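Data first, discussion second: the structure below is written as structure tokens.
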2 protein chains.
Amino acid sequence: MPENRRPQAPEEKRAEIVAAARELFVDAGYDATPMSRVAATAGVTANTIYWYFDDKDAVLIAVLDAVLADALDQYQSVAAEPIPVRLLWVVRQLQQMSRLVSTVHARAERSPSVASWHDDFHLLTSGLFRSELEAAGAATDGLDAEVMIGVFTIEGLLMHPLGEEEQRAVCDALTARWVPPQSS
Amino acid sequence: MPENRRPQAPEEKRAEIVAAARELFVDAGYDATPMSRVAATAGVTANTIYWYFDDKDAVLIAVLDAVLADALDQYQSVAAEPIPVRLLWVVRQLQQMSRLVSTVHARAERSPSVASWHDDFHLLTSGLFRSELEAAGAATDGLDAEVMIGVFTIEGLLMHPLGEEEQRAVCDALTARWVPPQSS
DNA sequence: ACCTGAACACCGTTCAAGT
DNA sequence: ACCTGAACACCGTTCAAGT
């Protein structure tokens, strides 16, 4: 039985590499995890990864896609909650991957593919944010600016870990901007 | 009387290294500029830098300090302008160094000294922001949250280059929140 | 097609040795 | 003290060669 004839389908092996990279990138960070470590965790040699991916940034993008898919998936569970709760949920969810956030910003400068993933991501989140605001009955003029303030604030929360209290205060202050003053 | 006088004072050589690093880090980025390039630009060998600095992160911090000092210095020229103008000025000023911003976030994960510089920086900017808000007569409860929203929004503007129009809209929307509604 | 060992190019950093 | 040439350790990536 030749050793390189694996019982697994190629897609599974690929998924294993992504899973290994995801864990390592999230826990230790992209820069801090060599390809050799990803490979070892996935049970292959470093250069094997290059059969499945163009380069390290391609692995990063696969990780980002997986994480995003999971997040969107899990979002269903809080979709019915009021806005500030959902906001806080999103922040918590994403905060686990604050390392990925700064990695994306750092790598976007050097890798066009990461840059384009980043652009798409902001398009997506801005869109979600915008429909949230509209559903909440926010004033429609200057909505774009509010959306950006919201997105940037969330990004800031991810990257600068604050206390529980402060996070809630910021989320509340954010929502207070959109929801028209409660007068009944 | 010191007998081994160098043609250059050591402080000058150090400053030259920082100047070279600053230009390269701002233009090409931290990751993209090897120590050898910094050294060559400063007219020394790569390893000479290690006599003046502990490591590459120490050079980065020296660059950050220099940039910050210049920015605070130049701020005097717009100190008298109205808030939104000053805000926009700050964004423009800092946007030239968006590369440094993401570098700080990326390196803060791995280098404690960069992390501590980053913390100090946020303390400083939050303080400035806070006194701006107080001077503008913003409501004092929930001020901390507003300050953070402001800081994060500016950081977001730095890292996600928008059009001129959008930047102004965001800055205006930000200030609209603080300045009490114009009621006659 | 899938995978490997060996090698290349590059980079941050160190060190013994020079002035 | 200040600076260098040479080397070390590490890492992303490639390639000829195997199954």
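Letters go in sequence order (proteins before strands), and every chain restarts at 1. Because the structure is predicted, anything quoted here is derived from the model rather than measured.
Partners of A:Asp70 by side chain to side chain donor-acceptor pair (under 3.5 Å), not counting sequence neighbours, listed by chain and number: A:Arg22. When the salt bridge (charged side-chain N to carboxylate O under 4.0 Å, His left out) test is applied to A:Glu146, the partners found at least two apart in sequence or on another chain are A:Arg177. In this structure, the side-chain contact (heavy atoms from CB on, under 4.5 Å) partners of A:Ala58, at least two apart in sequence or on a different chain, are A:Phe53, A:Asp54, A:Asp55. Shown here are the side-chain contact (heavy atoms from CB on, under 4.5 Å) partners of A:Ala106, two or more places apart in sequence or in another chain: B:Ala106. Under the rule for a salt bridge (charged side-chain N to carboxylate O under 4.0 Å, His left out), A:Asp31 has no partner lying at least two apart in sequence or in another chain. Applying the side-chain contact (heavy atoms from CB on, under 4.5 Å) test to B:Thr153 and every residue at least two apart in sequence or in another chain returns A:Ile149, A:Phe152, A:Thr153, B:Ile149, B:Val170, B:Leu174. Here B:Phe129 pairs with B:Trp178 under the ring pair (Phe, Tyr, Trp, His ring centres under 6.0 Å) rule; sequence neighbours left out. Listed by chain and residue number, B:Asp27 satisfy the side-chain contact (heavy atoms from CB on, under 4.5 Å) test with B:Glu23 (two or more places apart in sequence, or in another chain).
Between the P atom of C:dT14 and the CZ atom of B:Phe53 lies a distance of 15 Å, rounded to the nearest Å. The distance from atom CZ of B:Arg37 to atom C1' of C:dG12 is 17 Å, rounded to the nearest whole Å. Atom-to-atom, OH of B:Tyr52 to C1' of C:dG12 comes out at 19 Å; the value is rounded to the nearest Å. B:Arg14 places its CZ atom 13 Å from the P atom of D:dC3, with the value rounded to the nearest Å. Rounded to an integer number of Å, the gap from CD of B:Glu11 to P of D:dA1 is 14 Å. C:dC2 atom C1' lies 14 Å from atom CD1 of A:Ile49, rounded to whole Å. Distance, A:Trp51 CH2 to D:dT19 P: 19 Å, rounded to whole Å. For the pair B:Glu16 CD and D:dC3 P, the interatomic distance rounds to 10 Å; values are reported in whole Å.
Of the listed nucleotides (C:dC2, D:dA1, D:dT4), D:dT4 has the atom at the smallest distance from the side chain of B:Thr48. Which of D:dC3, D:dT4, C:dT13 sits closest to the side chain of B:Asp55 comes down to C:dT13. For A:Tyr50, whose side chain is taken as the heavy atoms from C-beta onward, the closest listed nucleotide among D:dT4, D:dT14, C:dC2 is D:dT14.
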Which dot-bracket string describes DNA chain D (Watson-Crick N1-N3 plus N6-O4 or O6-N4, or G-U N1-O2 and O6-N3, all under 3.5 Å; [ ] crossing; | other strand)?
||.|||||...|||||.||
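Heavy-atom distances under 4.0 Å link DNA chain D to no residue of residues 98-109 of chain A.
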A:Lys13/A:Val44 under side-chain contact (heavy atoms from CB on, under 4.5 Å): CA gap, chis, key distance, verdict
CA-CA 9 Å; A:Lys13 188 109 237 174; A:Val44 290; 3.4 Å; yes
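Identified under the ring pair (Phe, Tyr, Trp, His ring centres under 6.0 Å) test for residues 66-88 of chain B, with sequence neighbours left out: B:Tyr75-B:Trp89.
At distances below 3.5 Å, not a single donor-acceptor pair connects side-chain atoms of A:Ser111 with backbone N or O atoms of A:Ala108.
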Any chance you could list the contact pattern along nucleotides 5-11 of chain C? Use B for base contacts, S for sugar-phosphate-only contacts and - for none, protein heavy atoms under 4.0 Å, 5' to 3'.
BB----S
